[in-house]
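Heads up: the structure comes next, in structure tokens.
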Number of protein chains: 2
Amino acid sequence: MNHSLDKTFAALADPARRTMVERLVIGPATVSELALPLPMSLPAVMLHLKVLEDAGLVTSRKEGRVRTCRIEPEKLSLAERWVSARRIMWENSLDGLKAYLDGAKTEKKK
Amino acid sequence: MNHSLDKTFAALADPARRTMVERLVIGPATVSELALPLPMSLPAVMLHLKVLEDAGLVTSRKEGRVRTCRIEPEKLSLAERWVSARRIMWENSLDGLKAYLDGAKTEKKK
DNA sequence: GAGATAGTTAAGTAACTGCTTGACAGTTTG
DNA sequence: CAAACTGTCAAGCAGTTACTTAACTATCTC
């Protein structure tokens, strides 16, 4: 469980991989399409793809000589839920409540 | 901007650091308190704390001989927003729409 | 079947991470 | 002041990450 979050967050920590994810949320893409905007060699892109697949964020299938990649959004929302749960916990804490109220006050001042 | 996300996600990719964050959303804590559940030396915890501070997820202040750490939730919600924006994009894509409808169907079957 | 296309493997390298132990510094407390 | 407490610095080490280039395989297209 935690191990899964490790890999998900680690995968998202790299700008090249986030760029790949940003492309894939629009729809499936080939390896070359993913590589297009990235300033690196194809083998390097393959390694990033492997990291994303290992994290379960992306799956791919090879048909003929083309590998088509698509996003796997469950791991994405797993990460989202972890973060939002912590933010909510913080909002329910005294520390967070105070900061929230202060924030609301300065918001009004605007 | 992207650089900030790099550090935030990288910081969250480590279980020790997530444990520290989980402690801090409850309220401020000292370095020793953060170290208590972690299976490592104090200097190691300091390094993790440095990573969290570098990412802007945590701030700390030393009073006397005690360093008190507290969470800084803005970076947390920055990461949250990046992920949720991508999930929403995916849901609006044909790929995501299809998967969503399929999901709703299997959900009904239950 | 020759050549272009799309991807893969291998080998090597430079930099970064995550830890350790040991020595040390500043701050209370008895 | 001496001892205990809380944290910090430094050196060093093992393992991982993020690439590179070069060579290769498999698949289409003409």
Side-chain angles (χ1 to χ4, degrees), chain A residues 2-24 27-71 75 79, chain B residues 2-24 27-71 75 79:
Chain A
N2 277 345
H3 194 241
S4 170
L5 277 177
D6 285 14
K7 290 194 175 181
T8 304
F9 282 127
L12 295 177
D14 188 284
R17 289 192 291 261
R18 282 201 307 279
T19 301
M20 292 167 79
V21 168
E22 282 173 352
R23 168 63 188 79
L24 289 173
T30 68
V31 175
S32 310
E33 280 167 2
L34 291 179
L36 211 57
L38 299 176
M40 64 185 68
S41 67
L42 212 56
V45 174
M46 290 289 300
L47 291 182
H48 284 302
L49 178 61
K50 195 161 179 292
V51 171
L52 287 168
E53 292 204 60
D54 227 54
L57 282 164
V58 168
T59 55
S60 72
R61 250 180 47 223
K62 193 162 180 179
E63 287 158 34
R65 63 182 165 178
V66 179
R67 179 173 294 278
T68 306
C69 311
R70 63 183 66 234
I71 200 133
K75 286 293 160 64
Chain B
N2 279 345
H3 194 240
S4 170
L5 276 177
D6 285 13
K7 291 194 175 180
T8 304
F9 282 127
L12 295 177
D14 188 285
R17 289 192 290 260
R18 283 201 306 280
T19 301
M20 292 167 79
V21 168
E22 281 172 353
R23 169 62 189 79
L24 289 172
T30 68
V31 175
S32 309
E33 278 167 3
L34 290 178
L36 209 58
L38 299 176
M40 64 185 69
S41 66
L42 212 55
V45 174
M46 290 289 299
L47 292 182
H48 284 302
L49 177 61
K50 195 161 180 291
V51 172
L52 288 168
E53 291 204 60
D54 227 54
L57 282 164
V58 168
T59 55
S60 71
R61 250 179 47 223
K62 193 161 180 178
E63 288 158 35
R65 64 183 164 179
V66 179
R67 179 174 293 279
T68 307
C69 312
R70 64 183 65 232
I71 200 133
K75 285 295 159 64

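The basis for the numbers below is simple: all heavy atoms, side chains too, and nothing from hydrogens, waters or symmetry mates. Every chain is numbered from 1 and lettered A, B, ... according to where its sequence line falls, protein lines coming before strand lines.
Under a 3.5 Å cut-off, the side chain of R67(B) and the backbone N or O of V31(B) do not form any donor-acceptor pair. In this structure, R18(B) contributes its side chain and L12(B) its backbone to a donor-acceptor pair below 3.5 Å. The backbone N or O of A10(A) sits less than 3.5 Å from a side-chain atom of R17(A), completing a donor-acceptor pair.
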### Task
Scan nucleotides 17-30 of chain D nucleotide by nucleotide, 5' to 3', and note B when protein non-hydrogen atoms come under 4.0 Å of the base, S if they reach only the sugar-phosphate, - if neither.
-SBBBB----BS--

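The two atoms that bring R23(B) and P28(B) nearest to each other are NH2-O, 3.3 Å, heavy atoms only. Of all heavy-atom pairs between L52(B) and A11(B), the closest is CD2-CB, 4.1 Å. When every heavy atom of E53(B) is checked against every heavy atom of S60(B), the shortest pair comes out as OE2-OG, 2.9 Å.
Taking a heavy-atom distance under 4.0 Å as the criterion, the stretch of DNA chain C touched by chain A extends 5' to 3' from dA4(C) to dT9(C).
Each of I71(A), V58(A), V45(A) was checked for a side chain to side chain contact (heavy atoms under 4.5 Å, CB included) with M20(A), and the lone residue meeting it is V45(A).
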